[in-house]
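Just so we're on the same page: letters track the sequence lines, and every chain starts at 1. Values in this document were obtained by computation on a predicted structure and should not be read as measured data.
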2 protein chains.
Amino acid sequence: MKKTSLKDIAQKAGVSTALVSYVLNGKEKETRVGEAIAHKIKQIAKEMNYQPNHLAKSLRSGKTHTIGLIIADISNPFFANVARVVEDEAKKNGYTVIIGSCDEHAEKSWDLLNVLINRQVDGFIIVSCEGSENQVHYLKERNIPFVLLDRHFPEIQTDFVATNNYKASYDAGVHLIKSGYSRIGIMAYKSKMYHMEERVRGYKHALRDNNIEFLDSWLKEVHFETMDSEVRTAIDEALASDQQVDAMIFATYGLAINALKYINELRIKVPSDLAIVSFGQAEVFDLYYCPISYVRQPLEMLGKTAVEFLLKKLKNPEEGMKQILMEAKLIVRESSKAKTATLSG
Amino acid sequence: MKKTSLKDIAQKAGVSTALVSYVLNGKEKETRVGEAIAHKIKQIAKEMNYQPNHLAKSLRSGKTHTIGLIIADISNPFFANVARVVEDEAKKNGYTVIIGSCDEHAEKSWDLLNVLINRQVDGFIIVSCEGSENQVHYLKERNIPFVLLDRHFPEIQTDFVATNNYKASYDAGVHLIKSGYSRIGIMAYKSKMYHMEERVRGYKHALRDNNIEFLDSWLKEVHFETMDSEVRTAIDEALASDQQVDAMIFATYGLAINALKYINELRIKVPSDLAIVSFGQAEVFDLYYCPISYVRQPLEMLGKTAVEFLLKKLKNPEEGMKQILMEAKLIVRESSKAKTATLSG
DNA sequence: GGTACATGCTTAATCGTTTAAATAAAATTT
DNA sequence: AAATTTTATTTAAACGATTAAGCATGTACC
């Protein structure tokens, strides 16, 4: 029992496939199809439960109504949620999303890109990973529409939707200072990615603007791949030295999780021994015995806007370049509460 | 600068598209293409960076090399991870996956199914939600290949890959009993889904086989949609009554998370006030001040096997029905440690 | 009554592949 | 040398849709 095609309907109605196509695409008026026939065609289409073949449509039109979404790390709940938003938003507009995670590997990202290009996606939304600049250039050269999400390359002119990471980190730093912490560290990925540099920069400026001298030993940079062990070392160092920190900003969700596990093991008390503010958002932060203060990025808006930008570009390739930085919001919880309160402890 | 097609290559090589197709599909031998020409064609294809058009291929062959993955709830990290496994495994076999989450709504699942059928996916892997039996029947009738994952309907003959939930829950119950708990409750979704019933059944039998009389008030069933508030009520009831529980099994990850948040608020101590074993697996359980014992389902194997079953069926539609129940493993942590140890507290 | 236009429908090309069947040329057999 | 087989290549239909162009009609106008 094959799917019914235009031909089947045409045959049953005794007309050409052209008429059927016109009618079912709502072009009866422009193409002057007889009312009686039009009605008959619609009737038959319904009876036979006609569903157009997307492949054929796409082959003809060159449009697949599919978006490729390449995510740097889908195991990060922030990105997982962004992916959901993108998917929902796309579906609302009649688009299907194909998701791929490159797990922070540029080669994997490259493979994905090619697979999806071959699948004829109409455009891309990309959370770039380190070393994927060439891919961005490639897309630009080939004139394939795309929007960068959450991470972007300031030296490459592209559409992007991202968070103001500098500001977010600055705010986090100021918040800790105002809460009475003065020896504030930051843990970040060892990375040349702009969003990461911005987070470190914001933190440093927060210290500077509050007359706290930044110490090199307060910046802990770890490699993504060997995070598990490096985080432990970093925590050990941050707490053991004579430049011991009393608060720490975690530049990503993954770093925070790893650190918290270790901190648990060490029986270090948050926030009395160590105050914490983390980027990223996740249930985990609510569930920790001492709820974690975090930087809430405008997840929904990021996803929605990225889709919006891309679809606009798909509809009109001449559309101008769109770039937007959205503000994050610092959610203050127990893990960074004012130090005075813990002086008694 | 259009993509190069078979035609372009044919033109440049001065041959017909047929030859090009044969050569590039490795059918030179069967179709006896001249060696010189074959070589020339390959050469040109490489030079022009030929990438076949999947749409055209699919239209012709009726195969899209795409799998539809419908997940009951992608916000559940267990399912999110299963999705990753399925995706990776599919990709290894040259398949692309289109994921959709129905958020436990049968209608949404129905919509997804249709969207994906229209997109001509070759087959489905489905984590069914309540009330979607008709969809399973529909697929069977229309002879669309599919494999049910994690949840199945015992009264419908289908391929499936799932966990032995009865056994898992039974083990969890026995473990708690052996650890000295005797007033053991269970929190589950109010649902007619088989996997949920099995979890309750296993728990009950664990009690029965250890001469503990099951009390109705120990079974807390909450609705998925209104989980947030109902979980609180359930916890209140479980702890306040004269039939107060000293341990609790959570039949899903979501329930556990919600309950733990509330338990935190109430300042209830785990496990001294309440021991806990939960289904599902997530970082959260590691991070809780008292790491949570949980039932680890064979996530990787489930996903891989589902893909394997489906691909076999796609390759050979006559393939027999495949059903498998995999064993879960109880991971014992602090949250359910032997009661004697806490008698002093 | 001839030209012009409106109406209602069909034809056929096209998108990029695959592949059975046809064809032509060369090699082998009778 | 004719018949047959093998080898190398082309032709053309098909997948399922879209759409410009063509072709009959009928109606209106001068």
Side-chain angles (χ1 to χ4, degrees), chain A residues 1-42 44-45 48-66 94 117-122, chain B residues 1-42 44-45 48-66 94 117-122:
Chain A
M1 196 169 31
K2 262 186 35 237
K3 280 189 62 173
T4 60
S5 69
L6 277 194
K7 216 177 180 177
D8 301 328
I9 299 179
Q11 227 146 43
K12 196 148 184 178
V15 298
S16 71
T17 62
L19 266 200
V20 180
S21 173
Y22 290 142
V23 170
L24 297 183
N25 284 299
K27 303 200 178 158
E28 328 166 29
K29 290 285 168 299
E30 303 102 288
T31 56
R32 302 166 310 217
V33 180
E35 259 193 61
I37 281 285
H39 186 260
K40 188 174 176 186
I41 288 173
K42 285 183 196 159
I44 294 178
M48 302 181 76
N49 185 33
Y50 170 71
Q51 306 286 133
N53 183 320
H54 267 270
L55 294 173
K57 265 185 138 88
S58 297
L59 180 57
R60 184 72 222 272
S61 67
K63 300 270 156 267
T64 55
H65 279 242
T66 304
I117 289 176
N118 272 18
R119 291 263 167 178
Q120 324 282 135
V121 301
D122 291 343
Chain B
M1 195 170 30
K2 260 186 39 235
K3 280 189 59 173
T4 60
S5 70
L6 278 194
K7 217 176 180 176
D8 301 329
I9 300 179
Q11 230 145 43
K12 196 148 186 179
V15 298
S16 71
T17 62
L19 266 200
V20 181
S21 173
Y22 289 141
V23 170
L24 296 183
N25 285 298
K27 303 200 178 159
E28 329 166 28
K29 289 287 168 298
E30 303 102 287
T31 56
R32 302 166 309 217
V33 180
E35 260 192 59
I37 282 286
H39 186 259
K40 187 174 178 188
I41 287 173
K42 283 182 194 160
I44 295 179
M48 303 180 76
N49 185 32
Y50 170 71
Q51 305 288 133
N53 182 321
H54 268 270
L55 293 173
K57 264 186 139 87
S58 296
L59 180 58
R60 183 72 224 269
S61 67
K63 301 270 156 266
T64 55
H65 279 240
T66 304
I117 289 176
N118 272 19
R119 292 263 166 174
Q120 325 283 132
V121 300
D122 291 343

* Asked: What integer distance in Å separates A:Glu30:CD from D:dA20:P?
  -> 11 Å

* Asked: Okay, side chain of A:Thr64, backbone of A:Gln120: is any donor-acceptor separation there less than 3.5 Å?
  -> yes

* Kindly say whether A:Thr17 contributes a backbone atom to a donor-acceptor pair with the side chain of A:Ser21 at under 3.5 angstrom? => no

* To do: Begin from the C-alpha positions of A:Ile44 and A:Val20 and carry the test side-chain contact (heavy atoms from CB on, under 4.5 Å) through to its verdict.
  => CA-CA 10 Å; A:Ile44 294 178; A:Val20 180; over 6 Å; no

* Structure fact -> Contacts of A:His65 meeting ring pair (Phe, Tyr, Trp, His ring centres under 6.0 Å) (sequence neighbours excluded), chain-then-number -> A:Tyr95

* **Non-neighbouring partners of A:Lys12 that pass salt bridge (Lys or Arg N to Asp or Glu O under 4.0 Å), sequence neighbours left out** => none

* Asked: What string of B, S and - do you get for nucleotides 8-17 of chain C 5' to 3' if you count protein non-hydrogen atoms under 4.0 Å?
  -> BSBB--BBBB

* To do: Send over the distance from A:Met48 CE to D:dG16 P, rounded to a whole Å.
  => 13 Å

